Amino acid sequence: MDYNFQEIEKNWQQYWRDHHTYRASIDTTRQKYYVLDMFPYPSGAGLHVGHPLGYIASDIYSRYKRLNGFNVLHPMGYDAYGLPAEQYAIQTGQHPEVTTVKNIARYREQLDKIGFCFDWEREVRTCDPKYYKWTQWVFLKMFNSYYDTALDKARPISDLVDRFSAHGTEGCNAYGSEDLNFSAEQWNAMSKAERDDVLMNYRIAYRGNTMVNWCPKLGTVLANDEVSEGVSVRGGYPVEQKLMSQWCLRVSAYAPRLLRDLDTINWTESIKETQRNWIGRSEGAEMLFPLVGKEEKLLIFTTRADTIFGVTFMVLAPESDYVNLVVTPEQREAVDAYLDEVKHKTERERLIEKKVSGVFSGSYAVNPVSGKEIPIYISDYVLAGYGTGAIMAVPAHDSRDYAFARHFNLPIIPLIEGADVSEESFDAKEGVMTNSSNERLQLNGLQVKEAIAKTKEYIAEACIGRVKVNYRLRDAIFSRQRYWGEPFPIYYDENNRPQALDESELPLQLPEVDAFLPTEDGEPPLGRAKNWVAANGRPLELCTMPGFAGSSAYYLRYMDPHNDSALVGKEADEYWRQVDLYVGGTEHATGHLIYSRFWNKFLYDYGVVCEPEPFKKLINQGMIQGRSNFVYRIKDTNTFVSHGLKKQYDVTPIHVDVNIVKNDVLDLEKFKQWRPEFADAEFVLEDGKYICGWAIEKKSKSMYNVVNPDDIVERYGADTLRLYEMFLGPVEASKPWDTNGIDGVNRFLKRLWGLFFKGDEMQLVDEQPTAEALKSIHKLIKKVTGDIEQFSYNTSVAAFMICVNELSAMKCRSRAVYHDLVVLLAPFAPHIAEELWHSLGETTTVCDAQWPKWNDEYLKEDTVKYAVSFNGKPRYNIEVAAGTDKADIEQLALNHEGAARWLDGKTPRKIIVVPGKLVNIVV
RNA sequence: GCUCGGAUGGUGGAAUCGGUAGACACGAGGGACUUAAAAUCCCUUGGCCAUUACGGCUGUGUGGGUUCAAGUCCCACUCCGAGUACCA
């Protein structure tokens, strides 16, 4: 009986299904371990070889933990809402749900073939009303909450209402979009609509007028993390800035906690750093600049308070509220023209042009320290959304201000000794201050850092500003003008103010529409739904939630997926608590991984969950890149020349399907059949073979470098695929998918099989293992145990190969040894492990076995190697019996046949004999 | 520009604390078995020079440094990748 992987894999997959082998349930007598993969978006293309990389890695860890006695939760589900299904629906008229369900079925089929230990009874789908009921529920809770900066947590909005009616905003610690000030009397005198407007300033899920990334092509707004370099991440369409009323989540309120708690989680430094940059904490000062001839003052934010004496002008963002305040009638026309120009530039154009532009407002401000009058400009290099949307410009020490000053011929005053600002600004925060003293403030002679501190003190004392910490993190824009997403549990009252549905009305199900396009009046697709009204007859919200809504808390739902009365029950939450190991790609660093942390913290504030962070440890699997193959056609012919000979001809490289190439050798027959125009192709071969060229490129259909895991499973089996994906290199490294070498792994499994069976005959016997065999297997136990803990699976696979080769060479037939080997292999290649386990006469499944422990006694070396150096020069190595003492080793080193060659009869000044640790012997 | 990674044979990659660099695998070359092929097994395989030798030299992107000893630590640089971008 040969190693028949097809039969073995089919049978065991069936067995696991029939016996619910991977069902997880709460068991307080055992320690839990929660392993999670980022759930996939079920795209029409099906699973590709990049997907399973992370899934296999986490599957190995899950199985390993289980063999070590942990109660493992390892679920899987689908991030089922998304733009591609909807785009497809627009094109074909097919309901996105239909394609989604179809794609999910295909994903499931593919996943099943790889032999994962997922508990499918806990599957979630974000588009399932039973699931999105809880997405809507959390949204309602956010709508009904505000953030209390004193308690540093979310609180019910009703508390704030009570507070306002008793004290107004006096001593109020609510985090809001704007600083509002009113008394209790004023509050009580407000109409319902006015109060609603005020509360909207504080709600955690709020509707606000913000500049959004509007993608005309997709017909929707996008979050910051969905836009990269001025185009949409999905589709690559241009994105422009637009002021719109949108649902937002007040993520910015959680910025300090999101930053601080990064120190408590076990993620890679690089991804934590990415989040730190995204959150972007910056410590500075806000300062008030009086306006010439006006009561009002300009509030600016700066991190360089020390450069106050170098301020030669001010700049406002085009969208700043200050603009109308400062524009003089003479400048009105010029300013309007500029604002119009800015408005029509897309984000992308702004990024590409990088041209200095701006306009003088006509007004002047007064430097509050020097008393000098300085002009106020308007320019799009100042962003409305950061700080106060207004800056003090210090051209000598800021490159952007410098460029602006040069363009408009504004004065540049250097403030740091020795700084040469004739060509460029001096941006470094170092040096000694100069030109920075008057009767109010003396900074000359101070270091920059001291000067910043002293200026901050001064502005506080002089009441011209305050110390302020700013965050770059913006509130998340939460509306999408699309169909295929969660409906908002929101209706609009007679004042057109949004109101929450009652919890009992959830889930609010997605209605049917006749087309998935915007309506004729430009309303989102839900505008087409008939009877899209709340129970009270009022119209419901027409936008839907974005993709990250459903993915922000899915890890919680897995803990208790069928609970109809809570997102997650107390018992389940307190047992499973948080994800112990989360595996997924780095592309979610500033999206999903921030939103989930925010979402979790919000729920933590209300005690819905008991852990402040959702993902304790995070492993980022690398991207699988494509590896394309090329054939070289001689120009104007149908003749193809092999890679090694192509220099002799004038050739055009053409992508060739990697699936008809093996180890870079082209299958000529398949090539001829591949496309009609190649049917009568001719070839110039080298050594009788056609060798293809190759390149690392993105995976794409047009480059014919997409490899489907099904084909690999079909040809080599799931166990080979699993081992090979791990053997390819470290899980965390990006690497091209390259099937060269998969044979090696397959051969290993065949060799292993051959150790158990010769023909149909079982080869193993109940005999005492030799010391040699014990050493080999215990070396493996130690190596694999250590490797799995460090996710170093590629070296584990190598260790398996070595061990199998050793056992084979020593003709070891002892069952006891193979018993351990099979258990060790079970996480990596579960099907063959089950089969071999069974053949050893075991009646349980290998999943319920015990992970073996190694015994150091068996691992002792009888000899120890030493490196010897004389007089500081490394010379040679000697090997001595273990336990030899220092003096003897030294003598042996001297007596070594090599010693004479180096010593030339002389006595060495210094001998160093080194085993693992450094031993110095001076003679 | 800034931040974070990385650079080791023909290829993917090993090297836990600084201790025989190149594990393991692919590919390549040679051999065995076979009528032949496939499959399988064995040997060689960083480079250079030797090959009477179980031999010598060199070698981890570049240039310095620390150390008895550096792929590993320190300084400077080059190149590549990823993220981010007018954040004051």
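Predicted model only: the values in this text are computed from it and were never measured. Just so it is clear: chains get the letters A, B, ... in the order the sequence lines come, proteins before strands, and each one is counted from 1.
Taking a cutoff of 4.0 Å between a charged side-chain nitrogen and a carboxylate oxygen, A:Glu283 and A:Lys468 do not qualify as a salt bridge. Of the charged side-chain nitrogens involved, at least one lies within less than 4.0 Å of a carboxylate oxygen, so that A:Glu273 and A:Arg276 count as a salt-bridged pair.
Just one of A:Val661, A:Thr739, A:Asn740 meets the side chain to side chain contact (heavy atoms under 4.5 Å, CB included) condition when paired with A:Arg627; it is A:Asn740.
The closest side-chain donor-acceptor pair between A:Asp398 and A:Ser425, if any, does not fall under 3.5 angstrom. A:Asp667 and A:Tyr690 form no side-chain donor-acceptor contact under 3.5 Å, judged by distance and modelled atom types alone. Between the side chains of A:Tyr386 and A:Ser282, at least one donor N or O sits under 3.5 Å from an acceptor N or O. Side-chain contact of A:Thr795 with A:Asp787: a donor-acceptor pair under 3.5 Å is present, judged by distance alone. With 3.5 Å as the limit, one finds a donor-acceptor pair spanning the side chains of A:Arg751 and A:Asn805.
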Pair A:Tyr471-A:Ser252, side-chain hydrogen bond (donor to acceptor under 3.5 Å, both in side chains): steps then yes or no: CA-CA 8 Å; A:Tyr471 292 88; A:Ser252 61; over 6 Å; no
Let's go through A:Leu821 and A:Ile777 carefully: what are the C-alpha distance in whole Å and the side-chain angles of both, what is the deciding distance for side chain to side chain contact (heavy atoms under 4.5 Å, CB included) to 0.1 Å, and is it a yes or a no? CA-CA 7 Å; A:Leu821 180 65; A:Ile777 190 72; 3.7 Å; yes
Walk me through whether A:Asn470 and A:Arg281 qualify under side-chain hydrogen bond (donor to acceptor under 3.5 Å, both in side chains). CA-CA 6 Å; A:Asn470 251 325; A:Arg281 181 180 197 272; over 6 Å; no
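Between A:Tyr386 and B:A88 there is a side-chain N or O to OP1 or OP2 distance below 4.0 Å.
B:G59 and B:G5 have their C1' atoms separated by 26 Å, given to the nearest Å. Separating the P atom of B:C49 from that of B:U16 is a span of 33 Å, rounded to the nearest Å. Distance check on atom P: B:C73 versus B:C4 gives 16 Å, rounded to whole Å. One C1' atom belongs to B:U66, the other to B:A76, and the distance between them is 15 Å to the nearest Å. If you take atom P in B:C80 and the same atom in B:A25, they sit 34 Å apart, rounded to whole Å. Distance noted for atom C1' between B:G22 and B:A14: 8 Å (whole Å). When the P atom is used for both B:A36 and B:A23, the distance is 34 Å, rounded to whole Å. Using P as the reference atom, B:U78 and B:C26 are 40 Å apart when rounded to the nearest Å.
Atom CG in A:Asp787 sits about 11 Å away from atom P in B:A14, given to the nearest Å. Summarising the geometry, the separation between CD on A:Glu286 and P on B:A88 is reported as 13 Å, rounded to the nearest angstrom. Rounded to an integer number of Å, the gap from CE of A:Met726 to C1' of B:G13 is 14 Å. Atom C1' of nucleotide B:U84 and atom CD of A:Gln275 are separated by 14 Å, given to the nearest angstrom. One can place CG of A:Leu618 at 19 Å from P of B:C4, the figure rounded to the nearest angstrom. Distance A:Asn620 CG to B:G6 P: 14 Å, rounded to the nearest Å. Put simply, CG on A:Asp2 is 14 Å from C1' on B:A38, counting in whole angstrom units. Between the C1' atom of B:U84 and the CD atom of A:Glu587 lies a distance of 16 Å, rounded to the nearest Å.
Of all nucleotides listed (B:C86, B:U40, B:A85), B:A85 comes nearest to the side chain of A:Arg472. Among B:A88, B:U84, B:A14, the nucleotide with an atom closest to any side-chain atom of A:Trp278 is B:U84. The A:Ile391 side chain lies nearest to B:A88 when the options are B:A88, B:A14, B:U3. For A:Thr590, counting side-chain heavy atoms from C-beta on, the closest listed nucleotide (B:U84, B:A14, B:A88) is B:U84.
Applying the 90° cutoff around 0 to the glycosidic angle, B:C17 is assigned syn. Anti is the glycosidic conformation of B:G64, whose angle departs from 0 by more than 90°.
A residue-by-residue look at A:Asn277 and A:Thr388 shows that A:Asn277 has its nearest nucleotide of RNA chain B further toward the 5' end.
Counting only Watson-Crick and G-U wobble pairs whose two distances sit under 3.5 Å, RNA chain B takes part in these stems of three or more pairs: B:1-7 with B:78-84, B:10-12 with B:24-26, B:27-32 with B:40-45, B:46-49 with B:55-58, B:61-65 with B:73-77.
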Atom pairs, N/O to N/O, protein against nucleotides 23-28 of chain B, distance under 3.5 Å?
| unit_1 | atom_1 | unit_2 | atom_2 | d |
| --- | --- | --- | --- | --- |
| B:C26 | OP1 | A:Arg747 | NH1 | 2.5 |
| B:C26 | O2' | A:Gly741 | N | 3.4 |
| B:G27 | OP1 | A:Asn663 | ND2 | 3.1 |
| B:A28 | OP1 | A:Lys689 | NZ | 3.4 |

